[in-house]
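Reviewing the structure listed below.
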Amino acid sequence: MRDPHEVLGVGRGASEAEVKAAFRRLAAQHHPDRNPDDPAAHERFTELNQAYQILGDPQKRAAWERYGEAAFRPGGGGPGGMPFVDMGGFDGIFGDILDAFGIRGGDRGGVRVELELSFEEAAHGCQKTVRYDVIDRCDACQGTGAEPGATVQTCAACSGRGRVRFQQAIFPIAVERVCSRCRGTGQLPSTPCKPCSGSGLRKKSRSAEVDIPAGVESGSSRIIEGAGSRPSGDRAPGNLEIVITVAPHPLFQRAGDDVLCAVPISFVQAAIGGEVEVPTLDGKVKLRVPPSTQPGSVLRIKGKGLPHRVRGGRGDQLVEIAVEVPTELSARARELLAELGAELGEDVQPKQKTFVEKLKSLFG
């Protein structure tokens with residue numbers, strides 16, 4: 001057995017975080033799935049796993065530093081003169097392998113993916129296909145972890161129980177956990193399956209059809225039971241959680257079940273009124289702008305918003321009026337505007353009149 005510090009490329013004083021980071025980097029680099037044409041990849045990955053089991057556990061690390069390789073041989077001298085038993089849980093190791101592949105499944109095998117929708121898709125509802133990666137039974141060995149034709153022996157570490165019992169000084173009772181040597185199966189193959197490194201599990205691609213209800217909000221999620229990763233060979237797959245994100249729209253914004261948009265009009269339309277064309281989720285509609293409409297006024301179009309999530313019907317579309325001032329004027333236009341300003345006078349502008357009154361009250 002090589003020194004685990006040398007295998008992971010870390011010093012003896014390396015922190016737990018440094019050890020984990022080194023393992024994740026090397027596991028992702030040397031995993032057999034990523035090196036299908038390299039027959040030595042399986043051995044390197046197995047050695048990395050073994051090194052991490054030792055340095056990733058404070059008790060095993062201390063045993064190595066005190067007794068070396070002898071602490072991990074059957075009957076080797078462990079702490080207190082007792083044989084050292086490999087009690088590394090497969091769940092912890094498997095979780096690190098998941099992390100190395102960018103899959104954060106947790107102990108229950110849950111997988112979380114994000115699904116981005118357009119504003120229109122979220123408003124009207126749709127059906128989408130989600131593609132994602134999971135950990136599932138290896139097809140090569142059907143989850144047994146053994147090469148075809150390999151003999152299977154009873155695990156000596158757990159005597160075929162698949163679990164080992166240990167007792168720590170801080171606990172007055174014995175505790176059981178999954179045997180790390182046989183990964184809870186109670187058996188060990190004479191030749192581990194190369195594609196899955198004997199774990200019985202491999203990374204696989206999946207797809208799922210998802211029905212998106214109309215009016216779904218950004219941040220909501222959908223759960224598909226049993227579509228996640230398999231935490232171990234003898235456990236059922238976890239769930240798939242699909243988190244919805246809604247992309248921003250160049251014209252529309254959501255305000256509850258209402259849709260807000262800003263529509264520019266000329267100052268002539270704002271002054272004398274008229275009809276303007278307004279975009280909605282259902283297409284363009286005509287909107288009547290009443291005379292003397294002020295900038296920032298909000299007009300309402302009934303039933304052109306998003307579907308209500310509890311009751312029937314839809315919200316409204318709120319149209320915020322933005323009055324545009326022309327940037328280029330001809331000589332004739334300037335003349336006409338000057339005449340208009342003289343005709344209107346100073347006392348007919350509601351906001352200007354209010355502003356002047358406030359000035360007089362402050363400084364008059």
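D211 and K128 are not joined by a salt bridge, as no carboxylate oxygen comes within less than 4.0 angstrom of a charged side-chain nitrogen. A salt bridge is defined here as a Lys NZ or Arg NE, NH1 or NH2 lying under 4.0 Å from an Asp or Glu carboxylate O, and R2 with E47 meets this definition. With respect to the salt-bridge test (charged N to carboxylate O, under 4.0 angstrom), the residues R332 and E335 qualify.
With N239 contributing its side chain and G226 its backbone, the two residues share a donor-acceptor pair below 3.5 Å. Checking side-chain atoms of Q29 against main-chain N and O of R24 turns up no donor-acceptor pair under 3.5 Å. Judged by distance alone, the side chain of T280 and the main-chain N or O of D282 form a donor-acceptor pair under 3.5 Å.
Note on I223 and V130: separate hydrophobic clusters, where clusters join Ile, Leu, Val, Met, Phe, Trp and Tyr whose side-chain heavy atoms are under 4.5 Å apart, directly or indirectly. Hydrophobic clustering of Ile, Leu, Val, Met, Phe, Trp and Tyr side chains at less than 4.5 Å, counting indirect connections, keeps V243 apart from V134. L260 and L251 end up in different hydrophobic clusters when Ile, Leu, Val, Met, Phe, Trp and Tyr side chains are linked at under 4.5 Å. Connection of V10 to I54 is established within a shared hydrophobic cluster, with ILVMFWY side chains joined at heavy-atom distances below 4.5 Å, either directly or through further cluster members. Under the 4.5 Å side-chain contact rule for hydrophobic residues, I224 and V216 share a cluster.
E120 CD: more than 12 foreign heavy atoms inside a 6.0 Å radius. Heavy-atom neighbours of E209 CD from other residues, nucleotides or ligands within 6.0 Å: above the threshold of 12.
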Show the numbers, then the answer: is there a salt bridge (charged side-chain N to carboxylate O under 4.0 Å, His left out) between E277 and K284? CA-CA 6 Å; E277 202 172 55; K284 296 179 180 179; 3.8 Å; yes
Does the salt bridge (charged side-chain N to carboxylate O under 4.0 Å, His left out) test come out yes or no for K304 and D258, once each step is laid out? CA-CA 8 Å; K304 291 298 183 181; D258 295 333; over 6 Å; no
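With D136 as the partner, the side chain to side chain donor-acceptor pair (under 3.5 Å) test is satisfied by one option alone out of K204, R202, R206: R206.
Under 3.5 Å, the side chains of E114 and T245 contain no donor-acceptor pair of N or O atoms.
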